[in-house]
Structures are given as C-alpha cells and as structure tokens.
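Worksheet for the structure shown next.
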Amino acid sequence: MSRRAGPVVVVAALAVLLAGCGGYDETVVADPEAAPASSVPPATTPPVCDNATQSYAPSGPLPAPDDLPPGSTMEKIRDRGRLIAGVSADTYLLASNSPFTGQIEGFDIDMVEQVADAIFGDPKAYELKVITAGDRLPALVESRVDIVVRNMTINCARWEEIAFSAEYYRSGQKILVREDLADDGVDSVTELGGVRVCAPTGTSSLDNVRREAPDAVVVEAPTHTGCLALFQEGEVDAITGDDTVLAGLAAQDPYAVVPEQETFTDEPYGIGVNAADVDLVRFVNSILERMRSDGSWRASYLQWLQPTLGQGAGQPQPIYGRTP
Amino acid sequence: MSQAQAPSPAPVPRPAPIRAPAGLATPATPAIRAQASAGLAGRPTGTVEDVPQLLNRWQAIAVTTCVVFGVLAALFQLLAWQATGRAADNTEQLVRVQQIQSSLFRADALATNAFLVGGLEDAEQRAEYDAAIDQALRQIADAAEAQPADRAVLADLNTEVAAYATGITQARDNNRQGFPIGAQYLREAGSGLRADAVPILGALADANTERAEDEMDGQNTLPLLVVGIAAIAGLWWVNRQLAKRFRRRFNLGIAVAAVAIGLVTLVGAGVSAAKSGDNDRLREGSFTQAIDESTARTAANDAKAQESGRLIARGSGATTEPLWQERATVVQGAASGETLFLWTVYTDLHAAIVASDDEGDWTGAVELATTTEPGSASAALTEFDQASQQVVDQAASQTSESLRSGGVVAWALMIVSLLVGLGSAGAVARGVGQRRKEYA
C-alpha cells in the first residue's frame with residue numbers, strides 16, 4: 001500500500017464503520033414509583049355493650065304501601081319511586097350477579113325485595129348500589145342508600161354510627177381450606193399455624209383470625225371473591241369468613257372445602273339503616289316479623305342457603321327495647 | 001493547460017534562479033537545485049527550501065483534502081439517508097406499539113362489555129375480542145422482529161398479554177358456570193393490563209418516539225457545510241503556498257476543485273436543509289397525528305371499558321365516572337377532526353347511559369351500553385374506532401413514505417460528492433503537477 005493511499009483507506013474504513021452504526025440502547029421500563037407504605041391505624045379498643053342485637057321495636061302492624069305514615073322515611077322513599085339498597089354483587093348465594101340473568105340475586109336480595117314490596121307493593125321497586133364491605137357505613141352515614149343488606153354484622157361500634165334492624169340471620173366465622181389440607185387435619189382456626197389464610201381488608205373477619213390464629217400467615221384481599229382468586233392461583237391455602245360467604249365460595253371451587261367445625265365468632269346479621277331513620281328501622285323489623293309469620297324467610301333460606309348450610313337454626317328471635 | 005496569472009508583475013515563466021548552497025562547489029544540478037534556497041516569489045534568499053519536496057507535500061495535502069471531502073460528504077449524506085430510513089422504521093415501530101395498545105384496550109372494552117350481558121355472550125363480540133388479541137400478539141411479534149432493542153421488553157409484554165388473555169378466559173369460564181369469581185378474574189385481568197402492560201407500552205412508545213425524532217434530526221447539514229468549507233480552506237491554503245512561490249495567484253486545478261467542492265457542498269447542504277425542513281413538518285404533521293390519533297383510540301376504548309366497569313360496579317357509578325371522564329379528556333385533546341365528531345356521537349350516547357344509571361334504571365343503562373344496534377353507544381364507539389384506525393394508518397403511511405422518499409436524490413448526491421472529491425483530487429494533482437513541470 002502506498003503512503004498516499006493510507007489516509008484514504010482509513011477514511012473509507014471509518015465511513016463504512018460509521019455507516020454501519022444505528023443500534024440503539026435497549027428499551028427499559030422505568031420502575032414504578034414505590035408506593036408509600038400504608039400506615040397501620042393505631043389499635044383502638046372497640047366499644048363494648050351488652051345489647052348489640054337489641055333494635056327498635058316495630059311500631060305496630062305493617063302498614064299497607066298506600067298507607068305509610070305521613071312524613072315518614074318510608075313515605076319519602078315511596079315519593080322517590082324506588083328503594084335504594086347497598087348490597088354486594090359477588091357474595092354467591094347472599095348477593096351476586098347472575099351471569100345468566102345479569103341480575104343480582106341471593107338471600108340478601110330477598111330481604112331487599114321484601115322491604116321494596118312493603119313500601120311500594122312491588123318487590124322490584126328498588127335500585128341496588130354495589131358497595132364494598134368498607135363502604136357499608138359511609139354509604140348509610142352519607143345517605144347514599146336507604147338500607148344496607150350486605151351480610152353486615154351487628155356490633156356496638158357500628159351502632160355508634162348507624163342503626164340496625166333486628167337480627168335477620170345468625171352467621172359465624174369459619175375457615176375454608178384446600179381439600180388436601182382438610183384431609184391432613186387442618187379443619188379449624190386453631191390449626192392455621194403457618195398456613196396462608198386470606199380475609200378481606202377492613203372486615204371483622206380479618207381482626208378475628210389475627211386474634212384466634214396468631215401464627216397464621218394472614219393475606220388480605222379486597223373482597224372474599226378476591227380471596228378465592230388468590231386461593232385458586234395458589235397464593236393462599238385457606239380463607240376465613242362467615243359461614244354463609246364460605247359456602248358460596250366453596251360452591252365455586254371443587255377443591256375448596258369448609259370442614260365440619262364450630263364457628264369461632266358469632267356474626268349476627270342486621271339490615272343497616274341511617275341512625276336518624278328510626279322509623280325505617282321499626283318498619284323493617286315489622287317486615288322481618290311478617291317474614292317469620294308468613295314463611296317467606298324460611299322460603300328464602302331454603303332456596304339459597306340450605307343446600308350448602310343445612311337446616312340451620314332458623315330465623316333468629318328478635319330483641320327489642322332500644323330507644324332512640 | 002493555461003494558468004491563471006496575477007495581474008502584475010509581469011509573468012515569470014520559470015522560477016527565479018537558485019543560488020547554490022554554501023559549501024557546494026559543483027555547478028547547479030537538479031539535485032542541488034532541489035536543495036536550493038528559495039528565492040522563488042520574493043522570498044528572502046539564504047533560506048534553504050526543498051521546493052520539489054514542498055510541491056509533493058502540497059499536492060498530497062490537496063489531494064487528501066479533496067478525497068477526504070468526497071468521502072466525508074458522501075458519508076454524511078449516507079448517514080443522513082440512513083437516519084431518515086431509521087426514522088421511518090422507528091415511526092413504523094411507534095405506530096406498531098400504539099396499535100398494540102389500542103388492540104389490547106379494544107379487547108378489554110369488548111371483554112368487559114360482554115360481562116354486562118346476561119346469558120350467552122354475543123358471538124360476534126367474542127370473535128372481535130379474539131381478533132383484537134390475535135392482532136396484538138402478531139404486532140408484538142412484528143415489533144420484536146423490527147427492533148432488536150425493543151425485544152426484551154416486548155417479551156415481557158407478550159407475557160403480560162398472555163396473562164391477561166388467560167385471566168379473561170378464566171373469567172369467561174367461571175362466568176359460563178354462573179360463578180361470581182368470573183367477574184373477579186375480569187377485574188384482575190383489566191387491572192393487571194393497566195398496571196403491568198401499560199407501563200411497558202409507555203416505555204416502548206417513549207423510546208421509539210425519541211429514536212424517531214433523533215433520527216429526523218440527523219440530516220448533517222452543518223457537518224456537510226463544515227467539511228466543504230474546510231476543504232475549500234485547505235485548497236485555498238495550498239493555492240496560497242503555490243502563489244507565494246510561483247507568482248501566480250491561482251492554480252487552475254485547485255481553483256476548479258474548490259469551485260466543484262463549493263458547488264457540491266452548497267447543493268448537498270441545500271438538499272439536506274430542505275429534507276430537514278420536510279422532517280420538521282412531518283414531525284409536526286402526520287407523525288404527530290399518527291401518535292395523537294392512536295392515543296385517542298386507546299383512550300376511547302379504555303373509556304368504553306370504564307363505562308362497562310361503571311355498570312358492573314352497579315349503582316356505584318359516581319365513583320368510577322371520573323375514570324371515564326379522564327379518558328374522555330384525552331380523546332378530546334388527541335383525536336383528529338376526522339374522528340372527533342364520531343367521538344361526540346358516542347359521548348352523547350354515554351351521557352344517556354349515565355343518566356339512566358343515575359336515575360336508578362340500571363337495567364335500562366345496561367341495555368343502552370350493550371346493544372350493538374346502529375345508533376347505539378357500542379356501534380358509535382366501533383365507528384370511532386374504525387375511523388381512528390384508518391386515520392392512524394394513513395398518517396403513519398404518509399410519514400413513513402415521506403421519510404423514505406428522496407432516496408434517488410440522496411444516492412445521486414452521495415455518488416456526485418464522491419466523484420467530485422475524486423475528480424477534484426485529480427484536478428489538484430494535475431494543477432500542482434503543472435507547477436512541478438514549470439519548476440523542472
């Protein structure tokens with residue numbers, strides 16, 4: 001190679017090298033900003049009382065829909081044209097959306113229909129608002145709904161914010177486990193040590209399982225159906241909740257079983273009402289009395305819950321005597 | 001070959017006589033003259049200068065300058081042409097990424113809407129959902145093939161899409177058995193899509209936008225000018241050295257080379273500046289339109305999914321409506337004039353759905369939201385979706401075609417630049433050679 005050709009060759013080589021460029025740095029996905037650590041609210045001592053299930057006595061026989069007391073909450077609802085009820089849409093057997101009909105149905109929805117029927121003479125004169133467990137009290141306090149029928153346990157703390165009807169169902173907390181775990185003897189809350197167990201955020205079920213099974217690995221989900229999804233994905237081995245809810249979950253998964261066990265809490269369900277609407281509470285209690293007498297409560301139980309929960313203890317006896 | 005002459009003094013056909021260096025007794029020979037002191041163009045005598053050697057050096061410098069100019073000018077034009085091609089590739093990749101996102105949100109809107117309908121889901125909607133997922137998966141494969149730098153992230157996206165599709169299948173299977181957990185799987189799939197797949201798509205869109213814009217800026221107008229000016233300056237310097245020694249202002253070979261290089265530089269820079277201007281207009285025009293319309297299409301389908309989500313969250317729509325509003329604002333801001341009126345048709349129908357739901361007529365609202373009859377919200381959204389897709393395709397094609405156009409001119413300029421460089425090298429070699437002959 002001549003000396004003169006040298007620089008030319010170098011330039012040509014550089015040209016070829018540069019022309020061949022064009023690669024890019026690999027695309028990267030920025031890490032999501034770390035979510036701020038959720039602050040755990042300080043533990044507070046729940047209010048204690050000995051009359052949590054005590055409600056306001058019915059004010060007399062149930063009035064006819066066109067004979068509602070003037071100025072009453074029921075009349076206002078009637079004037080509006082529909083009852084607004086806060087319910088669940090994914091608690092199978094109690095209140096869940098039927099993919100076949102597109103309608104929410106279940107034991108709790110039967111309660112809503114009874115109230116609508118008593119006010120309008122039409123069991124379908126209602127509007128359902130699907131709410132989460134955590135939204136049950138705010139929905140009532142803010143008067144977004146007239147009643148909440150969403151497997152809500154009556155307790156003293158809640159009485160401080162809202163009012164309850166008489167108890168309409170006595171449930172209790174149990175555990176649901178994988179079939180093979182049940183075979184291995186994990187059949188009660190005391191056996192949950194080291195087991196991953198799911199409960200919905202913000203529920204008494206979560207507090208109860210932490211208290212009753214301190215060695216369990218507790219996992220939270222937004223709802224019980226969310227827990228079942230985690231269960232099916234192998235993220236948890238057990239779910240805890242009211243027996244009614246667990247029955248609905250077990251019905252959706254052949255590998256989920258609710259072993260024979262004693263309930264480790266009492267969960268008396270009540271229909272939630274705004275604390276100021278005492279007349280509506282009394283009215284609802286009259287409806288519950290009518291359901292006892294005309295057999296409609298029993299009919300609902302037979303349709304929705306008996307197939308999975310058995311005979312049951314029947315409609316709970318109401319306790320009245322609370323005064324506003 | 002004639003030589004350009006300085007106006008005065010009178011032409012000097014031969015260099016000034018050379019005095020033999022001190023110590024040399026023999027008569028002047030060429031070899032001795034080569035080592036003679038330079039008394040050429042008024043240089044002070046007594047300074048020893050090897051003129052032939054200098055001529056060789058100047059010739060080498062001038063030839064190299066011309067060759068380097070030719071190679072670099074051609075190279076800059078080649079790089080600019082390649083950058084434009086890559087800008088087109090990146091634009092196509094960007095549109096591909098946007099299409100993947102639109103397809104996924106279209107699929108989600110269809111899947112979510114199907115859950116509102118009681119009973120067997122609509123076969124047509126199901127087929128449309130399958131087609132949207134298939135399209136997204138194919139586009140992911142195409143995108144991975146097209147841009148190696150995106151491949152790893154696209155593999156992650158593929159996993160997310162597979163997880164989404166599995167979630168929807170689980171949702172559907174459970175739904176068909178009447179189990180409420182089906183709706184839970186639907187919610188999880190939708191939230192997973194937004195939480196996991198969307199950030200990936202965002203990163204891909206950002207990376208390819210940046211690449212496309214960077215490449216559109218790669219026209220090398222300034223380097224081309226700098227190289228041309230530098231080459232002319234180099235030739236001017238060589239010419240000056242010659243002029244000093246041979247009493248001629250211009251060397252014709254060098255002058256011809258400088259003029260040729262100047263012309264090529266001007267033409268090349270002009271074409272480059274024009275292309276750069278075209279690219280700027282494209283970036284502001286069809287390129288932006290393709291991106292904006294894709295964004296609008298994605299947001300529109302997401303809004304429809306939120307509308308279904310509102311109805312699935314039966315009666316609690318007030319809490320989910322802001323999500324719809326958020327998407328609607330994006331569509332309003334990004335949709336083109338050709339599709340915005342179709343979006344307005346849908347928003348009016350959405351307002352009717354909301355009114356129905358707010359008045360407590362959930363069943364009526366669902367009916368309005370799920371029917372696909374002409375004049376329904378679903379039909380209006382489909383119409384917007386299709387029109388939007390068409391706008392994206394047209395804008396993307398226009399961008400890509402415009403970027404890829406001008407290849408013949410670019411190659412012609414490259415070849416001309418190279419040839420001018422080489423030709424100029426020949427001219428300067430000859431021009432300097434002429435001086436050498438004169439000197440000999």
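Chain A is the first sequence line, chain B the second, and so forth, proteins listed ahead of strands; every chain is numbered from 1. No experiment lies behind these values; they were computed from the predicted model shown. Just so you know, these numbers use all the heavy atoms, side chains as well, and skip hydrogens, waters and symmetry mates.
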With rounding to the nearest 0.5 angstrom, report the [atom1] to [atom2] distance, [X] to [Y].
X	Y	atom1	atom2	answer
T225(A)	N174(B)	OG1	CG	10.5 Å
E127(A)	D358(B)	CD	CG	8.5 Å
R82(A)	E359(B)	CZ	CD	8.0 Å
W362(B)	K129(A)	CH2	NZ	13.0 Å
T27(A)	Q93(B)	OG1	CD	8.0 Å
Q184(B)	Q252(A)	CD	CD	10.0 Å

Hey, are the side chains of V153(B) and E26(A) touching, using non-hydrogen atoms and a 4.5 Å cut-off?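 In short, these two side chains do not touch, never coming nearer than 4.5 Å.
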
Does atom CD of E145(B) have more than 12 heavy-atom neighbours, drawn from other residues, nucleotides or ligands, at distances under 6.0 Å?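 Count not over threshold, so no.
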
State whether the number of non-hydrogen atoms from other residues, nucleotides or ligands found under 6.0 Å of D25(A) atom CG is greater than 12.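 Not buried by this count: 12 neighbours or fewer within 6.0 Å.
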
Heavy-atom pairs under 4.5 Å with chain B, option from G226(A), G86(A), P222(A) with the top count: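 Winner by heavy-atom pair count: G226(A).
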
Residue from R80(A), H224(A), E233(A), R144(A) scoring the most non-hydrogen pairs under 4.5 Å with chain B is E233(A)

Please step through side chain to side chain contact (heavy atoms under 4.5 Å, CB included) for the pair R187(B) and D90(A), ending with a clear verdict. CA-CA 12 Å; R187(B) 274 191 294 275; D90(A) 65 350; 3.7 Å; yes

Check each atom of [X] against the heavy atoms of chain B and say whether the ones under 4.5 Å are side chain, backbone, both or neither.
X	result
V145(A)	neither
D253(A)	neither
T223(A)	side chain
I84(A)	neither
A139(A)	neither

Top residue by heavy-atom pair count (under 4.5 Å) with chain A, among [options]?
options	result
Q147(B), R151(B), Q170(B)	Q147(B)
V63(B), L154(B), I200(B), D361(B)	I200(B)
G178(B), G202(B), A203(B)	G178(B)

In terms of heavy-atom proximity below 4.5 Å to chain A, should D196(B) be classed as side chain, backbone, both, or neither?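 Answer is neither: D196(B) stays 4.5 Å or more from chain A.
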
Chain A heavy atoms under 4.5 Å from A183(B): which part of the residue, side chain, backbone, both or neither? neither

Given E215(B) and Y24(A), is the side chain to side chain donor-acceptor pair (under 3.5 Å) satisfied, shown in steps? CA-CA 11 Å; E215(B) 300 293 7; Y24(A) 299 108; 2.5 Å; yes

Minimum heavy-atom distance between Y185(B) and Q232(A), given as atom pair plus value: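 In this case the closest contact between Y185(B) and Q232(A) is OH-OE1, 2.6 Å.
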
